[in-house]
Peer 1: 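What follows is a structure written as structure tokens; I'll ask about it next.
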Amino acid sequence: MAPPPKVLMVAEKPSIALSIATELSGGHMYTRKGSTEVHEFDGSFRGFHVQYKVTSVIGHVFSVDFPAPYQDWTATDPLDLFQAPIRKAEANPKAHICRHLSQEARGCGYLVLWLDCDREGENICFEVIESTGFHVNEERRRVYRARFSSVTQKDILLAMHNLVEPNRHEALAVDTRQEIDLKVGVAFTRFQTSYFQGRYGNLDSRVISYGPCQTPTLGFCVQRYFQINTFKPEKFWALHPFIIKSGYELQLEWERKKLFDKDVAIMFQKLVMEDRIAKVTEISEKQDIKSRPSGLNTVNLLKVASSALGLGPQVAMQNAERLYTRGFISYPRTESTSYPSSFDFKGVLGELAKNPTWGNYVQRLVADGYHKPRLGTDAGDHPPITPMRSATEDMLEHDAWRLYEYVCQHFIGTVSPDCKYVRTMVEFSIGGESFHCVGHHVTVKGFTTVMPWLAVHEKNLPQFIKGEKIEILKVDLFEGSTTPPDFLTESDLISLMEKNGIGTDASIPVHISNICERNFVQVQAGRKLVPTALGITLIRGYQCIDPDLCLPDIRSFIEQQITLVAKGQADHIRVVQHVLQQFMQKYCYFVKQIENMNALFEAQFSPLADSGRNFSKCGKCLRYMKYISTQPSRLYCNTCEEVYYLPQKGTIKLYKELTCPLDNFELLIFSMAGPEAKSFPLCPYCYNSPPFEGIDTLFGAVKTGGSSKLGKGAGMPCFLCPHPTCRHSMIAQGVCACPECSGTLVLDPVSAPKWRLYCNTCNCLVFLPQGAHRISTTRDRCPECDSTIIEVDFNRIQHHWRMELHCTVAAFFVMSCFIRLWR
DNA sequence: GCAAGGTC
């Protein structure tokens, strides 16, 4: 009998795959562990008996980037990036998702895609199709798309019975966005980074980045800074009459609130004072309701985390993710504030009823009958963030507990009664002017019992009778002054981003942390975002060249264009071309006008020439270059007006006053940060423009030698001397013995001019400095380890170069290239 | 060294 056909089902993340498999198999499945789990079970599919396999990807399978030649900042004009090819590569090569999918798809007759039901999910569908080797319109092996709005049994079964085709238009819309974001972001970033870092020494930012999301985000913060800076305070005056009733002193509120004219205010004060009697004109009582919250989505969680818990969005998300993977809360990235109708509130409440903190309240709530949450919006992604498992404070870290505590309080709040109170307003007339006072009496605390910070404050008023007349104690003329708005808080910024469609629930924290990391804004007390001089100058610059560049509309424009693709109303290639054409024009104009922006930088920052201290000698003019220590650390030659970047995150010193034989630049030694810090010497010129050809092969050689990283015990394995006592370890090995078998290495004659040594015994290769005219062995021996000395003849510096003399130096070049490739 | 979007 033929084996049953196989159906491969793929979800967006492992947890969803597990839920789907559990629901469809009734929990009777066999789970294979691997890089990602595969759940197997038997069942029926379209009337046939089949074997199911459910697995997942981990987000996007591929990410998009430029091919290698375009990665070189110095060799590529950013303008060329707009028309450059792009390529997709595995987003996380170490996870081997592609291999996993293609292996699992082998022998399967059906592919069912269970990716999230949004554009990104649709795009991942096609990444999965590509990885599995399925084709969309193939008769023999069919591809289906499951559309589901929640991972409940009902929705999963419904989706299984209503399988559709994946939507290529929506997927292409994502491809379109990826290409536009990549090209625009990278082109502007490279241009302005190179331009400004080549001129100023104290920008203190590794990279002066530009992005259609991060730049408008910065724009919001700077906009607020401008409002604060240009704010002109205005004086105002208000009347504050006081009365005494039943022993209470009461201040009455003026109907006119405040006046900006002192004389007029004084006139009213006189009128009121002359009357001296407050007459009660109206007493009204109204039942008011403060509604329980709707479900909690990511953006609202982040706002509360920042404003009430003092946790930044990035940290809050990390904690939320950890709570999620440990099973304490539901998936923390969601836009929805509405629960699906099938949601199991009883289950969640049953779990929380066990909790020592809220248990009593929840038990009473269940006994009295809990409420369904208020209706919110259903974005069709995931249910609101909900506690899943009871936890106590000692089970979680401090911040995680506080976040969990809030998620629980919010959830219990959503199913609690509304808060009800009576609002009493007493209106008065004094000298023809109207005043009032307001009292609150809470009748039902409702959800404010678990969310006490939202409680309505009890404010009792003495009993008044309509028509009653009360003598006035005094009438103060209050003088105040309008105050500027405060800096944006993270919470304000999140609201603005959400309102303007900048970023998504998952990316909003990333954009905010990006502008902090790039030193465009700083988070100050109260989680306020204060722009730095760099952030302010950048936005000012965009405003004077092309304000569009920092306005939120730039994102809406892209979104609107790709929506045409998603709806199938426009061809994606033409949209990419059209949008890139416009950005290319903007880019060209920006480059042309950059002097205007530069004028702002000039007024704010110090030129490279005035920055830093004299450090090491330039090989071209033989004068001292300046060492700029602010990030990115670099050397600047005042005479040649050249910048030489250095390896980052470490310390740099002069190296024995040696100079590089290739270019006469003084050599430096770099020590990496950390307790097990490695050091290596380098030539600043070679580091910025490696002198060798065939660096890729060189890199390969480094790998064959042993370690491929500059980690512990690593260095230059190919050039390490195997001789245990040899202190000339950096190069001697290349000429004395093979690192694999200790056999003698010979010059490989076939490969010239790619100089390398070949071991006849084990067939391995050791590469030598390239660019040499001639390399030959000599009769001399290394005084340190007795190995044969090699002579390298460099035409370009017109003299012979003996390995033993400069052997350590030769290794520096190799190291420079290696570092360059590696970082 | 670069964007924004998934997810871990």
Side-chain angles (χ1 to χ4, degrees), chain A residues 11-17 35-36 56-66 70-74 76 78 81-82 84 86 88 90-92 94-95 97 115-116 118-125 127-128 171 173-194 197 205-217 317-318 320-322 324-326 331-333 381-382 497 501-515 517-518 554-555 558-559 562 580 583 631-634 643 645-649 688 819-820 822-823:
Chain A
E12 189 153 325
K13 48 184 166 278
S15 60
I16 303 265
S35 57
T36 42
S56 78
V57 292
I58 313 168
H60 275 288
V61 183
F62 301 111
S63 67
V64 66
D65 207 346
F66 294 109
Y70 293 89
Q71 301 288 357
D72 187 337
W73 284 45
T74 44
T76 311
L81 294 175
F82 286 97
I86 52 167
K88 283 198 170 194
E90 257 195 285
N92 184 0
K94 281 186 192 154
I97 299 295
L115 286 306
D116 288 359
D118 52 22
R119 278 182 200 162
E120 297 295 332
E122 218 60 33
N123 187 269
I124 303 175
C125 281
E127 295 182 341
V128 171
V174 172
D175 285 344
T176 310
R177 178 193 57 71
Q178 287 176 341
E179 183 165 355
I180 296 168
D181 284 345
L182 174 73
K183 292 187 167 177
V184 173
V186 175
F188 275 91
T189 299
R190 283 195 195 170
F191 169 70
Q192 61 185 30
T193 301
S194 312
Q197 276 180 354
S205 180
R206 199 164 45 89
V207 96
I208 319 286
S209 57
Y210 176 86
C213 284
Q214 57 169 272
T215 305
T217 302
M317 272 328 278
Q318 281 162 6
E321 266 156 28
R322 182 107 183 82
Y324 161 66
T325 51
R326 293 175 70 188
Y331 189 62
R333 277 187 285 264
D381 49 358
H382 302 270
M497 292 174 75
I502 306 283
T504 64
D505 45 20
S507 70
I508 282 175
V510 182
H511 298 312
I512 298 180
S513 90
N514 264 343
I515 60 171
E517 202 180 283
R518 306 277 152 82
I554 205 129
R555 190 77 207 156
I558 298 176
E559 285 294 327
I562 65 166
L580 285 180
F583 273 105
Q631 57 166 340
S633 54
R634 66 217 119 133
V643 180
Y645 288 91
L646 297 169
Q648 305 295 311
K649 289 186 183 162
N688 283 272
I819 301 291
R820 218 181 137 81
W822 172 72
R823 67 181 167 142

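Reminder, nothing fancy here: chain letters follow the sequence lines and each chain counts from 1. Values reported hereafter were calculated over all heavy atoms of this structure, with side chains retained and with hydrogens, waters and symmetry mates removed.
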Peer 1: Using atom CD of E122(A) as one end and atom P of dG6(B) as the other, report the distance to the nearest whole Å.
Peer 2: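 The distance from CD of E122(A) to P of dG6(B) comes to 14 Å, rounded to the nearest Å.
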
Peer 1: Between S15(A) and Y331(A), do the side chains contain a donor N or O and an acceptor N or O under 3.5 Å apart?
Peer 2: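 Side-chain D/A pair, Y331(A) to S15(A): absent.
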
Peer 1: Choosing from dG6(B), dG1(B), dA4(B), which nucleotide comes nearest the side chain of H511(A)?
Peer 2: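 The answer is dA4(B), which lies nearest to the side chain.
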
Peer 1: Of the nucleotides dA3(B), dT7(B), dG6(B), which one has an atom closest to the side chain of Y331(A)?
Peer 2: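 Given the options dA3(B), dT7(B), dG6(B), the side chain of Y331(A) is closest to dT7(B).
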
Peer 1: Does C213(A) or E321(A) map to a spot on DNA chain B nearer the 5' end, using the closest nucleotide for each?
Peer 2: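 Looking at DNA chain B, the more 5' nearest nucleotide goes with C213(A).
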
Peer 1: Heavy atoms only, 4.0 Å cut-off, all strands: where does Y210(A) land among base, sugar-phosphate and nothing?
Peer 2: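 Sugar-phosphate only.
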
Peer 1: Does dA3(B) have OP1 or OP2 under 4.0 Å away from a side-chain N or O of R518(A)?
Peer 2: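 It does, given that an N or O in the side chain of R518(A) lies less than 4.0 Å from OP1 or OP2 of dA3(B).
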
Peer 1: Does the side-chain ring of W73(A) lie flat on the base of dG1(B), meaning centres under 5.5 Å and planes less than 30 degrees apart?
Peer 2: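 It does: the ring sits over the base of dG1(B).
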
Peer 1: Using the side-chain heavy atoms of T189(A), tell me which of these nucleotides is nearest: dG6(B), dG1(B), dA3(B).
Peer 2: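 Closest nucleotide to the T189(A) side chain: dA3(B).
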
Peer 1: Quickly work out the I208(A) CD1 to dA3(B) P distance and round it to whole Å.
Peer 2: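 The distance from CD1 of I208(A) to P of dA3(B) comes to 12 Å, rounded to the nearest Å.
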
Peer 1: Has T504(A) got a side-chain N or O lying under 4.0 Å from the OP1 or OP2 atom of dG6(B)?
Peer 2: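 Checking T504(A) against dG6(B): at least one side-chain N or O falls below 4.0 Å of OP1 or OP2.
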
Peer 1: Closest to the R333(A) side chain: dT7(B), dA4(B), dG6(B)?
Peer 2: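 So the nucleotide nearest the side chain must be dT7(B).
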
Peer 1: From the options dA4(B), dT7(B), dC2(B), select the nucleotide whose nearest atom is closest to the side chain of P212(A).
Peer 2: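 Ranking dA4(B), dT7(B), dC2(B) by closest atom to the P212(A) side chain puts dA4(B) first.
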
Peer 1: Given dG1(B), dA4(B), dT7(B), identify the nucleotide with an atom nearest to the side chain of D181(A).
Peer 2: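 Closest nucleotide among those given: dA4(B).
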
Peer 1: Show your working on side-chain contact (heavy atoms from CB on, under 4.5 Å) between R333(A) and H382(A) and close with a plain yes or no.
Peer 2: CA-CA 8 Å; R333(A) 277 187 285 264; H382(A) 302 270; 5.8 Å; no

Peer 1: Within this structure, what is the CD1-to-P distance between I97(A) and dG6(B), rounded to whole angstrom?
Peer 2: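 From I97(A) CD1 to dG6(B) P: 18 Å.
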
Peer 1: Would you say dG5(B) has OP1 or OP2 under 4.0 Å from some side-chain N or O of R555(A)?
Peer 2: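 Yes, because at least one side-chain N or O of R555(A) sits under 4.0 Å from OP1 or OP2 of dG5(B).
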
Peer 1: Whole-Å distance between dA3(B) C1' and I515(A) CD1?
Peer 2: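 Rounded to the whole Å, the gap is 15 Å.
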
